[in-house]
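In what follows, a structure is listed as structure tokens, so that the remarks can point back to it.
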Number of protein chains: 2
Amino acid sequence: MVRLVQMCEQRGLRLTEPRRTVLDVLETATDHPCAYEIHRRASQVSNVGLPTVYRVLGDLVKAGLLTRHVFGDRKARYERVGSEPHPYLIDIASGQIVGVDDDGLARLLEETARRLGYRLVDCRLTLFGEKK
Amino acid sequence: MVRLVQMCEQRGLRLTEPRRTVLDVLETATDHPCAYEIHRRASQVSNVGLPTVYRVLGDLVKAGLLTRHVFGDRKARYERVGSEPHPYLIDIASGQIVGVDDDGLARLLEETARRLGYRLVDCRLTLFGEKK
DNA sequence: CTAAATGCAAATCATTTGCAAAGAG
DNA sequence: CTCTTTGCAAATGATTTGCATTTAG
């Protein structure tokens, strides 16, 4: 996967301490943290302002390196671009959001949108089910 | 399709003028309006406060009659549950339903759920796209 | 009559912006 | 040195809440 720091250099974004810290948080994250959470993690390493976190995130989204998802709680969550976009499975009973990394499903959804003349931007998949 | 007014009666929600107005806006909407837009439409019929619109929407979501989607613009958009038996695609710019044919989708969704350890009881799939 | 529902104004909460100071190249 | 980036405080915009008043049943 492309290193975020390298992408910044290529784009002429200065590698400042706060930017470096936020990038590192994003590189090492295994989940989809919100801005507040990213700020919390970054703050453990160095002094970074919340607006700076938002600015860095905005830059990276603009650069196409991150995608932004907004769920019911209205907090934006950020994710490294990989095989985007992919559907989410939401277990209503537990409230858990489970990522469904199903290439076949993602491809089919994309294709379905394309057939209608659209570029798939996002999708919501809600399953009402019982645990087996 | 279940009438919203009937559902309110069943749940003991009083049929007040503002509630009636908001319900009517939702019944007749062919798109997925945000709260502000719902309020705008309702206001053309009678005096309804924006907080009341939010309260009615919240009640209906809680009752399982509406679903709430939040996009990049952080505005919540509301949609009748069960209004469309099949998956569909929403134009992000306009909120309009474009439509989707779902050959093979249902089967794939079921299989996806099963792989995650769930028995699929019901599902709601919504795609969001931009016109190419 | 009584509890539910309302409108208004003010409060919240995530996010953004203005601006002077600090720092990269 | 110059232009970008920052932190802080204040602004913004969608949504929610407090509360006195109205209203359905």
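When reading the values below, keep in mind they use all heavy atoms of this one structure, side chains included, and skip hydrogens, waters and symmetry mates. Per chain, numbering begins at 1; letters A, B, ... match sequence-line order.
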Would you mind reading off the distance between B:Gln10 atom CD and D:dG25 atom C1', rounded to a whole angstrom?
17 Å
When rounded to whole Å, the NE2 to P distance for the pair A:His39 and C:dC13 reads 17 Å
Rounded distance [0.5 Å steps], CG in B:Asp31 versus CZ in B:Arg77:
8.0 Å
Contacts of type salt bridge (charged side-chain N to carboxylate O under 4.0 Å, His left out), residue A:Asp59, not counting sequence neighbours:
A:Arg19
Partner set under salt bridge (charged side-chain N to carboxylate O under 4.0 Å, His left out) for B:Arg20, not counting sequence neighbours:
none
Once rounded to the nearest 0.5 Å, what's the spacing between atom CZ of B:Arg80 and atom OG1 of B:Thr67?
10.5 Å
Counting only heavy atoms and a strict 4.0 angstrom limit, can you tell me which residues of residues 18-26 of chain A come near DNA chain D?
A:Pro18, A:Arg19
To the nearest Å, give me how far apart NZ (B:Lys62) and P (C:dA4) are.
13 Å
Counting side-chain heavy atoms from C-beta on, which of C:dT6, D:dT5, C:dC8 comes nearest to A:Leu13?
D:dT5
A correct 5'-to-3' footprint of nucleotides 14-24 of chain D, with B, S and - meaning base, sugar-phosphate only and no protein heavy atom under 4.0 Å, is SBBBB-----B
A:Arg55 CZ to A:Lys62 NZ distance, which is reported to the nearest 0.5 Å
11.5 Å
How sharply is the helix from C:dC1-D:dG25 to C:dG25-D:dC1 bent, taking the axes over five pairs at either end and rounding to 10 degrees?
30°
Can you name the residues that form a salt bridge (charged side-chain N to carboxylate O under 4.0 Å, His left out) with A:Arg40, not counting sequence neighbours?
A:Glu37
How long is the gap from CG on A:Leu15 to SG on A:Cys8, to the nearest 0.5 Å?
6.0 Å
side-chain contact (heavy atoms from CB on, under 4.5 Å) with B:Val53: of B:Thr21, B:Val22, B:Val25, only one passes, and it is B:Val22
Pairwise distance CE(B:Met7) to CG(B:Leu65) - rounded to 0.5 angstrom:
4.5 Å
Rounding to 0.5 Å, atoms CD1 (A:Ile38) and CG (A:Leu26) come to a distance of 5.0 Å
